[in-house]
Structures are given as structure tokens and as C-alpha cells.
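Structure first, then comments.
Bear in mind that the values here come from a model prediction, so they are computed numbers and not experimental data. A note on names: the letters A, B, ... follow the listed sequences, proteins ahead of strands, and every chain is numbered from 1.
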Amino acid sequence: MPELAEVEVARRNVAGWWEGEAAAEVRLLDAKVLKKGSARELEEAMLRPLVAMRRRGKYLWAELEGGHAVMFHFRMTGKITCETTPQPRFARLAWRVDKTGWLTFKDSRRLGHVEVLAPGELERYDALLRMGKEPHDITVDELREAASDRRQLKSALLDQGVVAGVGNIAISELFWRLQLPPEVRCGELSQAQWEALVEEMPRYFDEIIARSMADEIAYMNEAGGENIFEVYGRKGEACPRCEEAIERVKVAGRSTYFCPACQPPVNA
DNA sequence: TAGTCTGTTAGACA
DNA sequence: CTGTCTAACAGACT
């Protein structure tokens with residue numbers, strides 16, 4: 001599951017499931033996922049009607065009547081699904097909405113978290129304050145300014161302070177589309193390549209979002225696990241563009257999949 | 001089996 | 001500043 005795209009799909013789904021209602025019942029199934037606020041505050045907040053579901057980067061939050069917010073971060077394995085029972089496997093928090101069923105925050109690895117924010121705290125939420133612009137809003141100049149020349153482009157794009165929501169999978173896919181080598185440094189990109197990157201980022205996310213929404217409808221969530229990416233997770237398979245075998249390397253500490261033929265090193 | 005991999009992020013360290 | 005490693009954690013894969 002992708003990054004910004006997965007969270008945006010979750011936002012749209014949850015907004016539809018929960019829209020205009022208050023939860024009828026809240027169950028905190030694993031108290032350790034609640035990183036800020038008390039179980040009681042969480043319950044009181046969620047029992048108020050939903051005002052809006054919002055997203056910034058990979059952060060997702062619910063705004064409730066009365067001014068509280070409930071913040072979610074999925075990290076690696078978190079997700080929100082709609083269930084018929086309140087305690088499916090890996091459920092950490094569940095709330096029942098009459099018209100829909102049990103909305104469930106699941107997280108097998110328990111790296112994700114939930115926070116209850118009192119009125120006004122959202123405006124002072126550090127991760128949001130430090131976050132770069134969304135891929136859909138950032139300009140070429142803004143991106144170049146945030147990414148210093150010597151830094152690896154991958155490292156810069158993974159930095160949420162540079163641009164919001166880009167994750168490890170998106171990097172492999174974007175680099176393949178733009179034919180950039182995995183370890184390319186920011187200073188090595190031409191103006192045209194910067195422009196292409198700024199154009200391709202929102203396009204990539206829009207495509208994955210559209211695809212994920214369609215899959216949700218087709219499979220009623222709980223994806224079948226088919227790899228929808230061009231190169232990510234496809235080591236040894238043929239490049240869709242040139243048939244060369246896809247390789248995997250570690251850059252910025254994370255796996256990057258690339259085609260050695262159509263993404264050659266800059267100095268080659 | 002045991003070891004290795006994993007979509008994130010913050011923080012320690014060289 | 002930069003990259004690398006680790007810790008959170010637990011399951012899937014080789």
C-alpha cells in the first residue's frame with residue numbers, strides 16, 4: 001500500500017462511512033496505540049458528531065464537534081477498515097457508526113498511533129507545522145530550495161519537511177518514470193528534470209488514488225495483494241519499458257527498485 | 001528454522 | 001549538513 005495515496009483513500013472512505021454522525025460506541029482495544037490524551041477524552045471526542053476528515057502528508061485526522069480532533073498515523077501497517085464486528089485481528093481501536101458498522105483502526109505491527117487533541121492543539125501540532133507542501137501544491141522553486149545540492153534526491157523526497165507524503169514506494173516508481181538513477185543527487189538534476197518531477201508527483205499519486213478507490217469498490221477492501229507497481233517489489237522481473245531485469249539497491253537506508261538500463265548513473 | 005525483509009519517523013552517531 | 005544505523009513492533013517471506 002502506498003503512502004500519501006493510501007492515507008487519502010482512507011480519508012475518503014472514512015469520511016463517507018462516518019459522515020454527519022457521532023459514533024454510538026467507542027472501544028479502545030489496545031491502550032498502547034493512544035500516544036496522547038486519555039481513553040476517556042478519546043471516547044468523549046468520538047461520541048460527538050464528525051465535522052470533517054482531513055489529511056496532510058501521511059497524517060489523517062477527524063475533526064469533531066466541540067473542537068477536539070483525533071489524529072491517526074499509520075506508519076507501516078496501520079489502516080482503517082469497515083467491519084461487521086468490533087474485534088477483527090489486529091484491531092486497536094473501533095467505533096460504531098449506526099449507518100455503517102464498526103470503523104476499525106488496525107495495525108499489526110503497532111507502530112502506528114492515535115492521539116486525541118484538545119481544541120487549539122491541532123494548530124500547534126509540530127509535525128504539521130514542519131511539514132513541506134503537498135505534492136499537488138509545491139512549485140519547482142520551492143522544491144529546489146528545500147533540497148540542497150549535495151543531498152541524495154531520494155533522501156530529500158523522503159524528508160516530510162521538504163515535501164509531504166512521499167514514501168519509499170513512490171520514490172521507486174517516480175525515479176523509474178523520470179529515468180533517474182537511485183542515488184542521484186539534487187544538484188545533478190537539470191531544470192527540465194525538476195519540472196518533470198514536480199509534474200509527475202501529483203500525477204503519480206492521483207493515479208494510485210484512482211486505482212485504489214476502484215480496487216476498494218471491486219474488492220470491498222482487504223486487497224488481494226496484487227502488486228500494482230511498475231518496478232517496486234519486482235526485482236529480477238523485466239522492465240516494462242526496456243525488458244532489462246529490475247534490480248534492488250539500498251539508498252537512504254531503504255530498498256529502491258530500478259532499471260539499470262533506463263536509469264543509468266549520471267556520470268555513465 | 002533462523003535470518004531477513006517490510007509502507008515511517010525520530011534520534012544517536014560518525 | 002550528510003548518510004547510516006537503531007529503536008519502536010510483529011508478521012510474512014526465503
N or O in side chain of [X] less than 4.0 angstrom from [N] OP1/OP2:
| X | N | answer |
| --- | --- | --- |
| A:Ser155 | C:dG3 | yes |
| A:Lys250 | B:dT6 | yes |
| A:Arg254 | B:dT8 | yes |
| A:Arg110 | C:dA7 | no |
| A:Gln152 | C:dT2 | no |
| A:Ser255 | B:dC5 | no |
| A:Lys58 | B:dT9 | yes |
| A:His73 | B:dT9 | yes |

(request) Look at atom CD of A:Glu145 and say whether more than 12 heavy atoms of other residues, nucleotides or ligands are closer to it than 6.0 Å. (result)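 Open.
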
(request) Taking atom NZ of A:Lys35 as the centre, report whether more than 12 heavy atoms of other residues, nucleotides or ligands fall under 6.0 Å from it. (result)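 Enclosed: over 12 neighbouring heavy atoms sit under 6.0 Å from NZ of A:Lys35.
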
Applying a 3.5 Å limit to both distances, which nucleotide forms a Watson-Crick or G-U wobble pair with [N]?
| N | value |
| --- | --- |
| B:dG7 | none |
| C:dC1 | none |
| C:dC9 | none |

Going by heavy atoms in the side chains, are [X] and [Y] under 4.5 Å from each other?
| X | Y | result |
| --- | --- | --- |
| A:Ile209 | A:Arg12 | yes |
| A:Leu34 | A:Leu93 | no |
| A:Val266 | A:Pro181 | yes |

Do the ring planes of [X] and [Y] sit parallel (below 30°), tilted (30 to 60°) or perpendicular (above 60°)?
| X | Y | answer |
| --- | --- | --- |
| A:Phe72 | A:Phe74 | tilted |
| A:Tyr125 | A:Tyr59 | perpendicular |
| A:Tyr257 | A:Tyr232 | perpendicular |

Atom [atom1] of [X] to atom [atom2] of [N]: distance rounded to whole Å?
| X | N | atom1 | atom2 | answer |
| --- | --- | --- | --- | --- |
| A:Lys154 | B:dT8 | NZ | P | 10 Å |
| A:Glu145 | C:dC1 | CD | P | 14 Å |
| A:Asp159 | C:dT4 | CG | C1' | 15 Å |
| A:Met131 | B:dT8 | CE | P | 13 Å |
| A:Arg151 | C:dG3 | CZ | C1' | 10 Å |
| A:Tyr59 | B:dT8 | OH | P | 12 Å |
| A:Phe74 | B:dT9 | CZ | P | 13 Å |
| A:Ile80 | B:dG7 | CD1 | P | 21 Å |

Quote, to the nearest angstrom, the [atom1] distance that separates [N] from [M].
| N | M | atom1 | value |
| --- | --- | --- | --- |
| C:dC5 | B:dT4 | P | 14 Å |
| B:dT1 | C:dC9 | P | 24 Å |
| C:dA8 | B:dA2 | P | 23 Å |
| B:dG7 | C:dT14 | P | 15 Å |
| C:dA12 | B:dT9 | C1' | 22 Å |

From [options], nucleotide with atom closest to [X] side chain:
| X | options | value |
| --- | --- | --- |
| A:Lys32 | C:dT2, B:dG7, C:dC9 | C:dC9 |
| A:Arg248 | C:dC9, B:dC5, C:dC1 | B:dC5 |
| A:Tyr232 | C:dC1, B:dT6, B:dT9 | B:dT6 |
| A:Leu111 | C:dG3, C:dC1, C:dA8 | C:dA8 |

(request) Run the salt-bridge test on A:Arg124 and A:Glu121 with the 4.0 Å N-O cut-off and return the result as yes or no. (result)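 A salt bridge is absent here (no side-chain N lies under 4.0 Å from a carboxylate O).
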
With 3.5 Å as the limit, what N/O pairs link the protein to nucleotides 11-14 of chain C?
none

